[in-house]
Amino acid sequence: MIPLLILAPLILLAAVGAVWKARPVHAALFLALALSFTAVLYLALGADFIGLVQFMVYVGAVAVLIVFSLLIIHRGDESEEAARRRRALPLGLLCALPVPVVILAAVSRGAPTTVEGAPVLSVRQLGTLLFTTHAPAVIAVVVLLTAVMVGAALLAREPQPDRRP
Amino acid sequence: MNPLALLLVLSSVLFALGLLAVLTRRNAILVLVGVELMLNAANINFIAFWRYGPPDPQLNGPIFVLFSIAIAAAEAAVGLAIILMACRHLRSTDMNRLDSLHG
């Protein structure tokens with residue numbers, strides 16, 4: 001419980017930074033921070049392997065990818081961004097606030113029951129389940145990732161006007 | 001408030017922050033940042049229910065999170081490729097200008 005009480009505000013602060021910072025690079029770095037704290041949260045909850053995967057894939061790949069694309073296509077229009085956000089904020093809050101309000105109301109009405117004793121997440125068991133029970137899903141993800149790789153390469157290619165059909 | 005309730009509130013606030021980013025940001029890449037926050041909030045719920053819920057020998061929570069992370073990575077790669085291409089066409093990553101299907 002103590003690690004959760006420390007980690008939850010840290011995750012939320014980093015997420016607020018990611019949402020609030022006007023400079024895109026700062027926002028992306030705060031996202032990386034929030035994702036790292038979430039990885040630590042998974043480690044604290046006993047899901048060691050998931051925490052490491054979260055760190056490698058989310059922080060190591062997704063956040064770095066976002067920072068790199070910001071560096072490639074950086075446009076300096078932060079003041080305009082802030083002005084637009086002030087205008088959009090009331091409606092955005094109206095749409096976003098009901099989610100935590102409903103969850104808070106449900107939780108305060110009656111705390112969800114928890115089971116004593118931490119479950120064990122063994123990597124051997126996880127691997128066995130992935131490649132037996134969930135083998136079709138793993139194959140589907142492999143096909144998806146291949147398609148994504150080809151699609152991203154096609155989309156990001158420089159246009160060649162002389163070869164266009 | 002027990003740990004499961006705390007984690008549920010944490011993930012709902014995180015989801016709301018992501019939704020706020022998606023709705024109020026104008027830079028397309030920062031909209032993607034919001035989407036990542038929302039996916040992350042969902043993953044926290046899976047792990048929380050696996051940790052504090054009834055024993056599950058099938059490990060459905062962690063396995064779902066693994067697939068979710070794989071799909072989030074794929075989504076980020078394709079999303080960024082699309083944004084890069086749109087930026088090449090429009091010379092801007094402003095979502096308000098992405099209002100036409102004309103290449």
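As a basis for the values below, the full set of heavy atoms in this structure was taken, side chains included, without hydrogen atoms, waters or symmetry mates. Sequence lines set the chain letters: A, B, ... in the order given, protein chains first and strands last, and positions in each chain run from 1.
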Worksheet item: So which of B:Leu7, B:Ile71, B:Leu32 has the largest heavy-atom pair count under 4.5 angstrom toward chain A?
Response: B:Leu7

Fill in: Pairwise side-chain contact, A:Leu41 with B:Leu10, heavy-atom cut-off 4.5 Å (strictly under)
yes

Worksheet item: Are A:Leu65 and B:Ile82 co-members of a hydrophobic cluster defined by side-chain heavy atoms under 4.5 Å apart?
Response: no

Discussion item. Using a 3.5 Å distance criterion without hydrogens, assess whether the side chain of B:Asn40 forms a donor-acceptor pair with backbone atoms of A:Thr38.
Written reply: no

Worksheet item: If we only count heavy atoms from C-beta on, is the A:Pro100 to B:Val9 side-chain gap below 4.5 Å?
Response: no

Item to complete: Below 4.5 Å from any heavy atom of chain B, which atoms of A:Phe30 appear? Answer side chain, backbone, both or neither.
Response: neither

Worksheet entry | Step-by-step side-chain contact (heavy atoms from CB on, under 4.5 Å) determination, A:Val107 to B:Leu6 | CA-CA 9 Å; A:Val107 162; B:Leu6 178 74; over 6 Å; no

Worksheet item: When heavy-atom pairs shorter than 4.5 Å are enumerated against chain B, which of A:Pro119, A:Ala88, A:Ala152 gives the highest number?
Response: A:Pro119

Response to the item:
Of the listed B:Leu84, B:Val33, B:Leu59, the one with the largest count of heavy-atom pairs under 4.5 Å with chain A is B:Leu59

Worksheet item: Can you hop from B:Ile47 to A:Ile6 via hydrophobic side chains spaced under 4.5 Å?
Response: yes

Worksheet item: Does the side chain of A:Leu121 come within less than 4.5 Å of B:Trp50's, by heavy atoms?
Response: yes

Response to the item:
Ranked by heavy-atom pairs below 4.5 Å to chain B, first place among A:Ala47, A:Ala27, A:Ala63 goes to A:Ala47

Discussion item. Quick check on A:Val120 against chain B: is it the side chain, the backbone, both or neither that has a heavy atom closer than 4.5 Å?
Written reply: backbone

Worksheet entry | Verdict with supporting geometry, B:Val13 and A:Ile103, side-chain contact (heavy atoms from CB on, under 4.5 Å) | CA-CA 9 Å; B:Val13 176; A:Ile103 296 288; over 6 Å; no

Discussion item. To the closest 0.5 Å, what do you measure between CG (A:Leu155) and CD1 (B:Ile83)?
Written reply: 11.5 Å

Fill in: Selection from A:Leu104, A:Leu12, A:Leu91, A:Val102 maximising heavy-atom pairs under 4.5 Å formed with chain B
A:Leu12

Worksheet, complete the sentence: Of the listed A:Ala137, A:Pro9, A:Ala147, the one with the largest count of heavy-atom pairs under 4.5 Å with chain B is A:Ala137

Worksheet entry | Heavy-atom side-chain contact between A:Pro112 and B:Asn2 under 4.5 Å | yes

Item to complete: Taking all heavy atoms of B:Leu80 and all of A:Ser69, pick out the closest pair and write down the distance.
Response: CD2-OG, 3.3 Å

Item to complete: Identify which part of A:Val138 has an atom lying under 4.5 Å from any heavy atom of chain B, answering side chain, backbone, both or neither.
Response: both

Practice prompt. Apply side-chain hydrogen bond (donor to acceptor under 3.5 Å, both in side chains) to the pair A:Gln54 and B:Asn43, showing each step before the final yes or no.
Written response: CA-CA 10 Å; A:Gln54 161 98 5; B:Asn43 288 349; 4.7 Å; no

Worksheet item: Which answer fits B:Gln58, side chain, backbone, both or neither, if we ask what part of it has an atom under 4.5 Å from a heavy atom of chain A?
Response: both

Discussion item. Show the nearest heavy-atom pair for residues A:Val99 and B:Ser12, with the distance to one decimal.
Written reply: CG1-O, 4.1 Å

Practice prompt. Please flag which part of A:Val19 lies under 4.5 Å from any non-hydrogen atom of chain B: side chain, backbone, both or neither.
Written response: both

Fill in: Spacing of B:Arg25 atom CZ and A:Trp20 atom CH2 [to the nearest 0.5 Å]
9.0 Å

Item to complete: Check A:Val62 against B:Ala76 and note the closest heavy-atom contact, atom names and distance.
Response: CG1-CB, 3.9 Å

Response to the item:
If you tally heavy-atom pairs under 4.5 Å between each of A:Leu154, A:Thr133, A:Ile66 and chain B, the highest tally belongs to A:Ile66

Worksheet item: Mind checking whether A:Val123 and A:Val57 sit in one hydrophobic cluster, side chains of I, L, V, M, F, W, Y counted as touching below 4.5 Å?
Response: yes

Worksheet item: What part of A:Leu144 gets closer than 4.5 Å to chain B, counting heavy atoms only: side chain, backbone, both or neither?
Response: side chain

Worksheet entry | Flag side-chain contact, heavy atom, 4.5 Å: A:Val141 against B:Phe67 | yes

Practice prompt. Let me know if A:Ala61 has heavy atoms under 4.5 Å from chain B in its side chain, its backbone, both or neither.
Written response: neither

Discussion item. I'd like to know which of B:Ile44, B:Leu19, B:Leu8 tops the heavy-atom pair count under 4.5 Å against chain A.
Written reply: B:Ile44

Response to the item:
In this structure, CG of B:Leu14 is separated from CD1 of A:Ile11 (nearest 0.5 Å) by 7.0 Å

Worksheet item: What part of A:Leu45 is in contact with chain B, defined as an atom under 4.5 angstrom from a non-hydrogen atom: side chain, backbone, both or neither?
Response: both

Worksheet item: Can you tell me if CZ on B:Phe64 sees more than 12 non-hydrogen neighbours from other groups inside 6.0 Å?
Response: no

Worksheet item: Between A:Thr113 and B:Leu4, which heavy-atom pair has the shortest distance, and what is it?
Response: O-CD2, 4.0 Å

Worksheet item: Minimum heavy-atom separation for A:His134 to B:Ile63, with atom names?
Response: CD2-CD1, 3.5 Å

Discussion item. Are the side chains of B:Asn27 and A:Leu70 in contact, using a 4.5 Å heavy-atom criterion?
Written reply: yes

Worksheet item: A:Val148, A:Val53: one ILVMFWY side-chain cluster at the under-4.5 Å cut-off?
Response: no

Item to complete: Determine whether A:Leu89 and B:Val31 fall in the same hydrophobic cluster, where Ile, Leu, Val, Met, Phe, Trp and Tyr are linked whenever their side-chain heavy atoms lie under 4.5 Å apart.
Response: yes

Discussion item. Heavy-atom pairs under 4.5 Å with chain A - which of B:Val65, B:Ile69, B:Val78 has more of them than the others?
Written reply: B:Ile69

Worksheet item: Which pair of heavy atoms, one from B:Leu39 and one from A:Tyr58, lies closest together, and at what distance?
Response: CB-OH, 3.6 Å

